[in-house]
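Labels below follow one simple rule: chain letters A, B, ... track the order of the sequence lines, proteins then strands, and each chain is numbered from 1.
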Amino acid sequence: MNFIAEAAAKAIKELYNTDVAAADINLQETRKEFQGQITIVTFPFTRVSRKSPEQTGADIGEYLKANVSQVEAFNVIKGFLNISIADSHWLERLYTDIVPDTFAAPQYNGQKVMVEYSSPNTNKPLHLGHIRNNLLGYSVAQILEAAGYEVVKANLVNDRGIHICKSMLAWQHWGNGETPESSGLKGDHLVGKYYVIFDKEYKKQIDALKAEGQTEEEAKKNAPLIKDAQLMLLQWEQGDEEVLSLWRTMNSWVYAGFEQTYKQLGVDFDKYYYESNTYLLGKDIIEEGLAKGVFFRKEDGSIWIDLTEDGLDQKLVLRADGTSVYITQDLGTAQLKYNDFGMDKSIYVVGNEQDYHFKVLFLILQKLGKAGADGLFHLSYGMVDLPSGKMKSREGTVVDADDLMAEMETTAKEHTEALGKVESFGEEEKSSLYHTIGMGALKYFLLKVDPKKRLLFDPNESVDFQGHTGPFIQYTHARIKSVLSRARGYTEDKIPVTTLASEERDLIVLLNRFPDTIQEAAVGYSPAIIANYVYELAKLYNKFYHEHSILQAEDEQLKHFRLQLSAASAKVIKKGMALLGIEVPERM
RNA sequence: GGUUCCGUAGCUCAGCUGGAUAGAGCAACUGCCUUCUAAGCAGUAGGUCUUUGGUUCGAAUCCAAACGGAAUCACCA
């Protein structure tokens, strides 16, 4: 709608002899209770017009009508100038922009971006919080790609550390050689089971020591199990073959399990990083920082950075014994990623509980003057809470990812069967439909909310299938496809329609906004913007569908026009949902 | 205690680069399937936008303070 802003700027120049940049003219959509599609707020210009808001609006309106061919009419209500754009302009948009296959196709912007997401620990299965992370990361990657970036999806697997040793140790003690095959358990669940066992036994030992008179703190340190776990970690770091071999075995179980879950979720990665390979990185960066005077060494030999001038604290970056801490690794990994891909931007999809960590990490990289440091971004999302509060894996109050997905499919099946529309479907088509709908409901539920906000999930209240939901949008798509298939073909030619019904015009106006919406979502790293847009589109299409007959339109030409409009709507719904990682069925 | 984030209808959320009478969905109530898929459409009801100040022609939106909630401030990751 740039031409309106430019014309309005010209109008102000000629009418009031004042220069206003077109970009400074605030255009908004006309509210639906008024005539027109575009509204200019005239209050800001009363200063230069020295007239009332009404008169100013009328002046500019007259000018636009006289000088801009697309402007057909206008009305002024208080300080609002509502402009009606001629239907010919909207039809032009439809046929030259929206209908062609190239609509909203990515235009490479010359930039490369890495999106790191998922980044699981290998000692327990994925839960609902990980699902939000995975869906966000995958969707943001799709959105950035659609916005013109070259995208690398990365997964940094936390496959080492004390937590994995805990699972390994418990398995050695109480596993009796159990394997995924022998137990029938998915590998990640099997390993998770031993993590829980470790914790239970560890607590028993703590209680026993406390009964002997030790304090809680002492007991936690002195329990034999935790000492064994620490010893095992040391052995792992020294390359003890027995420990390494068990570690490899158990990790391979977990990976097989994760792969299955990722497949169900429909997410994937271009590059895997493993902490077992990266945990020693970063030490050369510490040296570099010392040399540059960014870091300093304390008397005990530990190395720190002072961030008090930036409103933060002093932060340890290397222990006195020369071993890494979390941030040491992350410094090294950031460098490794940049060396591998040389990306312009690097997005970390990590929960907001790590806000402080990333603030520090990015600040350090900037102070070191690292290439790419300005392109770092922490996509910080809110935790998923249950009505009872936070999910805690040790207390068993987590919503397991695999269980939840299975439940969603079952619920989708029940809903669908109750509606009795799938009698003609084959078994394979049915089960694939249930998966599509169940995952659609879950994904949409999680993605429609602003990533920054915390999310409340009530396991007792099933995810809806009606209203502002994934299945509603999927249904709208299937509904359009059904009409299109009944039409047995339609012309691709431009139909010489002259006037549009209001629902038709509204649809074109909304479809026309899709490319801008993608950009907006990319800038804000927000799938929620896409989710809300697609919902609005589906809602509007259903209104159109209800108000106007397509196949029984007044004449052949109108019928073809409405079929084209319907096909365009289906296309945008499908593309929009794909940006969320949600599939859309041909029929349901 | 310091820092950061959040507070919109009974519930879940949009709206936040300041603009018209604050919008959806769920739940409740009312209509609409002999007509292209009723997982739909239309309607009724539901609001001190946490509170108080400030800036402004104009504030849910910006600023400040208070209240309420969350996270974080580890030689854990």
Inset, instruction - Have a look at A/Pro44 and say if it touches a base, only the backbone sugar-phosphate, or nothing, with a 4.0 Å heavy-atom cut-off. - result: base
Inset, instruction - Give a yes-or-no answer on whether the side chains of A/Tyr434 and A/Glu414 include a donor-acceptor pair shorter than 3.5 Å. - result: no
Inset, instruction - Indicate whether OP1 or OP2 belonging to B/C6 is found under 4.0 Å from a side-chain N or O atom of A/Arg454. - result: no
Legend entry - Donor-acceptor pair between A/Thr39 and A/Thr30 side chains, under 3.5 angstrom: yes
Using a cutoff of under 3.5 Å, can you pull out all pairs of nitrogen or oxygen atoms linking the protein to nucleotides 14-17 of chain B, with atom names and distances?
from, atom 1, to, atom 2, distance (Å)
B/A14, OP1, A/Asp450, N, 2.7
B/A14, OP2, A/Lys453, NZ, 2.9

Inset, instruction - State whether A/Glu216 and A/Lys221 are salt-bridged, where the test is any N-O pair (Lys NZ or Arg NE/NH1/NH2 against Asp/Glu carboxylate O) under 4.0 Å. - result: no
Legend entry - Integer angstrom distance from the P of B/C67 to that of B/C16: 30 Å
Inset, instruction - In whole angstrom, give the distance that lies between atom OH of A/Tyr444 and atom C1' of B/A24. - result: 10 Å
Inset, instruction - State whether A/Tyr533 and A/Arg513 meet the cation-pi test: NZ (Lys) or CZ (Arg) under 6.0 Å from the six-membered ring centroid, and within 45° of the perpendicular axis. - result: no
Legend entry - Atom P, compared across B/A27 and B/C11: separation rounded to whole Å: 16 Å
Legend entry - Base of B/G19 and ring of A/Phe80 stacked, centres under 5.5 Å, planes under 30°: no
Inset, instruction - Could you tell me the separation between the OH atom of A/Tyr535 and the C1' atom of B/C13, rounded to a whole number of Å? - result: 11 Å
Close N/O contacts between protein and nucleotides 71-77 of chain B (under 3.5 Å):
from, atom 1, to, atom 2, distance (Å)
B/C73, O2', A/Asp313, OD2, 3.0
B/C75, N4, A/Asp300, OD2, 2.8
B/C76, OP2, A/Arg319, NE, 3.4
B/C76, OP2, A/Arg319, NH2, 2.5
B/A77, OP2, A/Tyr326, N, 3.3
B/A77, O3', A/Asn158, ND2, 3.3
B/A77, O3', A/Glu275, OE1, 3.3
B/A77, O2', A/Asn158, ND2, 2.8

Inset, instruction - Quote, to the nearest angstrom, the C1' distance that separates B/G18 from B/C63. - result: 13 Å
Inset, instruction - Check every strand shown and say whether A/Thr46 touches a base, only sugar-phosphate, or nothing at a heavy-atom separation below 4.0 Å. - result: nothing
Inset, instruction - Measure the distance from CG on A/Leu307 to C1' on B/G2 and round it to the nearest whole Å. - result: 15 Å
Inset, instruction - Would you classify A/Asn82 as touching base, sugar-phosphate or nothing, given that sugar-phosphate means primed atoms plus P, OP1 and OP2, and contacts are heavy atoms under 4.0 Å? - result: base
Legend entry - P atoms of B/U48 and B/C5, separation to the nearest Å: 27 Å
Inset, instruction - Measure the distance from CD on A/Glu309 to P on B/U3 and round it to the nearest whole Å. - result: 18 Å
Inset, instruction - Please check the phosphate of B/G40 (OP1 and OP2 only) for any side-chain N or O of A/Lys539 closer than 4.0 Å. - result: no
Legend entry - Inter-nucleotide C1' distance (B/A28, B/A71), Å rounded: 37 Å
Inset, instruction - Could you measure between the two C1' atoms, the one in B/A22 and the one in B/G15, and give it in whole Å? - result: 8 Å
Legend entry - With A/Phe43 via ring pair (Phe, Tyr, Trp, His ring centres under 6.0 Å) - residues at least two apart: none
Legend entry - Interatomic distance at C1', B/U56 relative to B/A42, whole Å: 41 Å
Inset, instruction - Find which nucleotide of RNA chain B each of A/Lys78 and A/Lys452 is nearest to by heavy atoms, and output the residue with the more 5' nucleotide. - result: A/Lys452
Legend entry - Pair A/Ser119-A/Tyr348, side-chain donor/acceptor within less than 3.5 Å: no
Inset, instruction - For A/Lys32 and B/U21, give me the distance from atom NZ to atom C1', rounded to whole Å. - result: 13 Å
Legend entry - Check: A/Asn532/A/Glu536 side-chain N/O donor and acceptor closer than 3.5 Å: no
Legend entry - Test: A/Glu429 and A/Arg587 ion pair at under 4.0 Å: yes
Inset, instruction - Take A/Lys430 and A/Glu417 through the test salt bridge (Lys or Arg N to Asp or Glu O under 4.0 Å) and record every step on the way to the result. - result: CA-CA 10 Å; A/Lys430 271 192 212 171; A/Glu417 283 172 349; 5.6 Å; no
Inset, instruction - Can you tell me the distance, in whole Å, between the CD atom of A/Gln28 and the P atom of B/U61? - result: 17 Å
Inset, instruction - Could you check if the base of B/C33 is syn or anti? Syn means the glycosidic torsion is within 90 degrees of 0. - result: syn
Legend entry - Whole-Å P distance, B/C41 and B/G46: 23 Å
Legend entry - Nearest-0.5 Å distance that lies between atom CE in A/Met250 and atom OG in A/Ser167: 5.5 Å
Inset, instruction - Answer with yes or no after comparing the ring centroid distance for A/Tyr326 and A/His357 against a 6.0 Å cut-off, counting only values under it. - result: yes
Legend entry - Nucleic acid footprint by protein, nucleotides 26-39 of chain B - heavy-atom cut-off 4.0 Å, B for base, S for sugar-phosphate alone: S---------BBSB
Name the atoms and distances for all side-chain donor-acceptor pairs under 3.5 Å in residues 308-318 of chain A, with sequence neighbours left out.
from, atom 1, to, atom 2, distance (Å)
A/Thr308, OG1, A/Asp306, OD1, 2.6
A/Asp310, OD2, A/Lys367, NZ, 3.2
A/Asp313, OD2, A/Tyr356, OH, 3.1

Inset, instruction - Classify the ring geometry between A/Tyr274 and A/Tyr272 as parallel (under 30°), tilted (30 to 60°) or perpendicular (over 60°). - result: parallel
Inset, instruction - Would you sketch RNA chain B in dot-bracket for me? Only Watson-Crick or G-U wobble pairs with both distances under 3.5 Å count, crossing pairs as [ ], other-strand pairs as |, the rest as dots. - result: (((((((..((((.....[...)))).(((((.......))))).....(((((..]....))))))))))))....
Legend entry - More than 12 heavy atoms from other groups under 6.0 Å of CD on A/Gln552: no
Inset, instruction - Taking atom types as modelled, find out whether A/Tyr475 and A/Asn542 have a side-chain donor-acceptor pair closer than 3.5 angstrom. - result: no
